[in-house]
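Beneath this line is the structure, given in structure tokens, with notes to follow.
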Amino acid sequence: MADNKVDIKFGYLCNNKCRFCVQGNKRIKYGNLEKEEIIKKLEDGKKFSDCIVFTGGEVTIRDDFLDLLLIAKKLDYAKIQIQTNGRMFSNMSFCEKTVQNGANDFSLALHGHIPQLHDYLTSAEGSFYQTVKGIKNLKFLNQFVGTNTVITRSNYRNLPDIAALLVYLNVDQYQLAFVHPVGTAMEFFDSIVPRLSLTEQYVKDALTAGIKAGKTVMTEGIPFCFMEGFTGYIAESIMPEMKIFDVNVCDDYREYRIKEGKAKDKKCGLCRYDKQCEGTWREYPEKYGWDEFIPVK
Ligand code: SF4
């Protein structure tokens, strides 16, 4: 029970409108879950794990966010992680209440090193300054702060700059996640999804900055053949077992990813990483083909 976790999606409403959002039109179709539905999921999740992840949408903009946190605390979850765009944490009093009510692990989304880049990707003016302030506030309160950066065509050349900012902000951990081409990211594929081969050196330079600074760093959605020399930092290989409470319950996220989300080519059978590697998001080769994927001898 110690290593697995439960991920509860509280709904899809959000105060950002990210250009690469995987949820797409779910915010219109499903909105947010009712409080009672979430309480039931919190109770069910406790049978599976001591670690709960609050995610959305954006959980912190719910009026009942602090109440639900307190309920999770009373259910005795050992770890309560908040996945967030971080904007609400620019308010120190809100940070303090969140910590008092039981949250003890934070994952914030930062997609640029300057406002022009981050705010462009989130379509929310002022979001860069709010998220950066949120990171500073939570670190000031001695919280564990990780970040997630989605790799897109707009920001991949700046990944080392983003890493430098994250090291400066003293985050505990950062992840670089290759954009999953579904939802809005699929709708605007050509302007959002970069070639994996073009991102490779920038990803490695960004990881190196964190490694040198003693940070925990990782990537998501990047196959082994683009990670030579850095294969120990592939999150899919080190992620815990995870149950997801979305609109439908997903009992095993890893199995779901491999069966439904990812794809491999016939030539992958020749690759030394074939057994460990999940492949790439299946929409990627449907658009770009398999030429960039070169089996590692
Ligand atoms: S198995 Fe295929 S996708 Fe994975 S690293 Fe090897 S060539 Fe790349």
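Atoms within each ligand, like the ligands themselves, are counted from 1 in listed order. Residue numbers start at 1 and run along the sequence shown.
Within ligand 1, the atoms closer than 4.0 Å to a non-hydrogen atom of F224 are 5 (S), numbered from 1 in the order shown. Counting atoms of ligand 1 from 1 in the listed order, those under 4.0 Å from a heavy atom of K264 are 1 (S). Heavy-atom proximity to P223, at under 4.0 Å, picks out these atoms of ligand 1: 3 (S).
The aromatic rings of F230 and Y233 lie tilted to each other, with the angle between the two planes from 30° to 60°. Between F94 and F89, the ring planes are tilted. Angles from 30° to 60° get that label.
At the shortest separation from atom 4 (Fe) of ligand 1 among protein heavy atoms lies C277 SG, 2.4 Å. Looking from atom 7 (S) of ligand 1 to the surrounding protein, the closest heavy atom is P295 CA, 3.7 Å. Remark: minimum distance from atom 2 (Fe) of ligand 1 to any protein heavy atom is reached at C268 SG, 2.3 Å. For atom 8 (Fe) of ligand 1, the closest non-hydrogen atom on the protein side is C225 SG, 2.4 Å.
When heavy-atom distances to ligand 1 are checked against a 4.0 Å cut-off, K267 has no atom that comes that close, whether in backbone or side chain.
Ring to ring, F226 and F293 are close: their centroids are under 6.0 angstrom apart.
Ion pairing between D50 and K5 fails under the 4.0 Å rule for side-chain N and carboxylate O. A salt bridge links D274 with K264: the distance from a Lys NZ or Arg NE/NH1/NH2 to an Asp or Glu carboxylate oxygen falls below 4.0 Å. Under 4.0 Å is where a charged nitrogen must lie from a carboxylate oxygen, and between K262 and E236 at least one such pair does.
In terms of hydrophobic clustering, with Ile, Leu, Val, Met, Phe, Trp and Tyr side chains grouped at heavy-atom distances under 4.5 Å, I80 and F106 are assigned to a common cluster.
Using a cut-off of 2.8 Å, one finds that C271 contributes an N/O/S atom close to atom 6 (Fe) of ligand 1.
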